[in-house]
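Below is one structure, written out as structure tokens; the observations come after it.
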Amino acid sequence: MNSDNAITDMHLDVLKEVGNIGAAHAATSLSQLLNRKIDMHVPSVKLVSFDEMFDLAGGAEKIVAGIFLRIEGDLSGSMFFVLPVESANHFIRRLIGDETFDFSSPNLPEIGVSAMQELGNILSGSYLSALSDFTGLKIYPTVPSLSVDMVGAIVSFGLIEVSHYSDEVIVIDTQIREESEEGISSVDGHFFLLPDPSSYVTIFRSLGVM
């Protein structure tokens with residue numbers, strides 16, 4: 001990344017604040033959807049290398065449920081949300097009321113796929129809506145697509161373009177806590193944000209930190 005687009009700790013702190021506002025909105029939506037209390041927060045936002053990104057997700061060969069979408073409007077770029085398969089199974093079983101649903105099955109029921117895409121819609125939409133509110137920019141997510149595969153395979157095509165001008169990715173850690181009669185369960189997911197080159201400047205100038 002060239003020096004004009006260098007990301008500082010101040011930039012990451014602002015993105016963390018934006019992320020926590022987005023997480024609060026997403027938690028409200030998920031609570032209504034699942035009819036139980038959901039809390040979400042963003043413990044950290046960091047700039048990492050591609051290799052570190054894979055390590056955070058459990059290694060490039062770790063099987064995950066991944067949501068991919070493009071960002072359009074005043075900003076452009078790619079966004080991924082990856083969740084361990086066990087965690088994705090847990091959420092989708094709750095959503096569709098089918099305890100047998102399993103992302104590792106060869107023939108996935110369409111209702112489960114749709115539910116996971118809706119989860120991706122809620123999470124990504126909440127983050128991007130918060131970023132839009134903070135910056136005053138018009139930001140539109142495309143319809144999310146779902147893949148169940150190795151982290152490396154899911155993210156690789158998003159890295160092809162970004163690797164021409166950077167070897168780093170913005171990682172928005174996301175912790176989801178669910179309260180139920182059985183107690184509290186917590187899962188960690190990760191957003192990988194890959195803005196196109198000009199969008200770095202646009203984001204931080206709009207946030208007043210450039």
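Small disclaimer: the values here were computed from a predicted structure and weren't measured.
To the nearest 0.5 Å, atoms NE2 (His41) and CD (Gln175) are separated by 4.5 Å. In this structure, Asp149 CG and Leu146 CG are separated by 10.5 Å, a value rounded to the nearest 0.5 Å. Taking CD1 of Ile122 as the reference point, atom CD of Gln117 lies at 12.5 Å (rounded to 0.5 Å). For the atom pair Ser78 OG and Phe68 CZ, the distance stands at 4.0 Å (nearest 0.5 Å). Note that the CG atom of Leu123 and the CD atom of Glu118 stand 10.0 Å from one another [nearest 0.5 Å].
Qualifying side chain to side chain contact (heavy atoms under 4.5 Å, CB included) partners for Ile21, counting only residues two or more places apart in sequence or in other chains: His25, Ala130, Phe134. Looking at residues two or more places apart in sequence or on another chain, you find no ring-ring contact (aromatic ring centres under 6.0 Å, His included) involving Phe54. Every residue two or more places apart in sequence or in another chain was checked for a side-chain hydrogen bond (donor to acceptor under 3.5 Å, both in side chains) with Ser105, and none qualifies. Every residue meeting the side chain to side chain contact (heavy atoms under 4.5 Å, CB included) condition with Leu34, not counting sequence neighbours, appears here in chain and number order: Arg36, Ile38, Phe91, Arg94, Leu95. In this structure Ser31 satisfies the side-chain hydrogen bond (donor to acceptor under 3.5 Å, both in side chains) test with no other residue, sequence neighbours excluded. By the side chain to side chain contact (heavy atoms under 4.5 Å, CB included) test, Glu110 is found to be paired with Val113, Ser114, residues two or more places apart in sequence or in another chain being considered. Ser76 pairs by the side chain to side chain contact (heavy atoms under 4.5 Å, CB included) definition with Arg70, Asp196, Ser199, not counting sequence neighbours. Contacts of Asn121 classified as side-chain hydrogen bond (donor to acceptor under 3.5 Å, both in side chains), with partners at least two apart in sequence or in another chain: none. Residues passing the side-chain hydrogen bond (donor to acceptor under 3.5 Å, both in side chains) test with Asp55: none are found, sequence neighbours excluded.
Considering only heavy atoms from C-beta on, Val42 stays 4.5 Å or farther from Phe191 through its side chain. Ile176 places none of its side-chain heavy atoms less than 4.5 Å from the side chain of Ser186. Between Leu47 and Val169 there is no side-chain heavy-atom pair separated by less than 4.5 Å. Residues Leu83 and Val64 have side chains not in contact (no heavy-atom distance under 4.5 Å, counting atoms from C-beta outward). Contact annotation: the side chain of Met79 never approaches that of Phe81 to less than 4.5 Å [non-hydrogen atoms, C-beta and beyond]. Contact of the Met40 side chain with the Leu30 side chain is registered, since non-hydrogen atoms from C-beta on lie closer than 4.5 Å.
By the rule that hydrophobic residues join a cluster once side-chain heavy atoms approach within less than 4.5 Å of another member, Ile111 and Val148 end up as members of one cluster.
Scanning both residues, Ile96 and Ala115, for their nearest heavy atoms gives CG2-CB, 3.9 Å. What you find for Tyr140 and Gly73 is that their closest heavy atoms are CD1-CA, 3.8 Å.
Legend: side-chain hydrogen bond (donor to acceptor under 3.5 Å, both in side chains) pairs involving residues 81-92, not counting sequence neighbours, sorted by first then second residue: Asn89-Asp102, His90-Glu178. Within the structure, salt bridge (Lys or Arg N to Asp or Glu O under 4.0 Å) contacts touching residues 37-46 (residues at least two apart or in different chains) are Lys37-Asp39, Lys46-Asp173. Listed by first then second residue, pairs satisfying side-chain hydrogen bond (donor to acceptor under 3.5 Å, both in side chains) with a partner in residues 125-135 read Tyr127-Thr174, not counting sequence neighbours.
Ring-plane geometry between His190 and Phe192 is classed as parallel, the angle between the planes falling under 30 degrees on a 0 to 90 degree scale with a further cut at 60.
Under the side chain to side chain contact (heavy atoms under 4.5 Å, CB included) test applied with Phe80, the options Leu193, Ile67, Ile154 reduce to a single match, Ile154.
Between the side chain of Arg93 and the main chain of Phe101, a donor-acceptor pair closer than 3.5 Å is present.
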| query | What's the verdict on side chain to side chain contact (heavy atoms under 4.5 Å, CB included) for Leu12 and Thr8, showing C-alpha distance, side-chain angles and the deciding distance? | reply | CA-CA 7 Å; Leu12 296 175; Thr8 67; over 6 Å; no
| task | In sequence, state the C-alpha distance, the side-chain angles, and the governing distance for Leu131 and Ile139, and then conclude on side chain to side chain contact (heavy atoms under 4.5 Å, CB included). | result | CA-CA 8 Å; Leu131 186 58; Ile139 307 171; 3.9 Å; yes
| query | Between Leu69 and Val143, is a side chain to side chain contact (heavy atoms under 4.5 Å, CB included) present by the stated rule, with each step listed? | reply | CA-CA 6 Å; Leu69 55 93; Val143 175; over 6 Å; no
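Checking Ser49 against Glu52 by side-chain atom types alone, a donor-acceptor pair falls below 3.5 Å.
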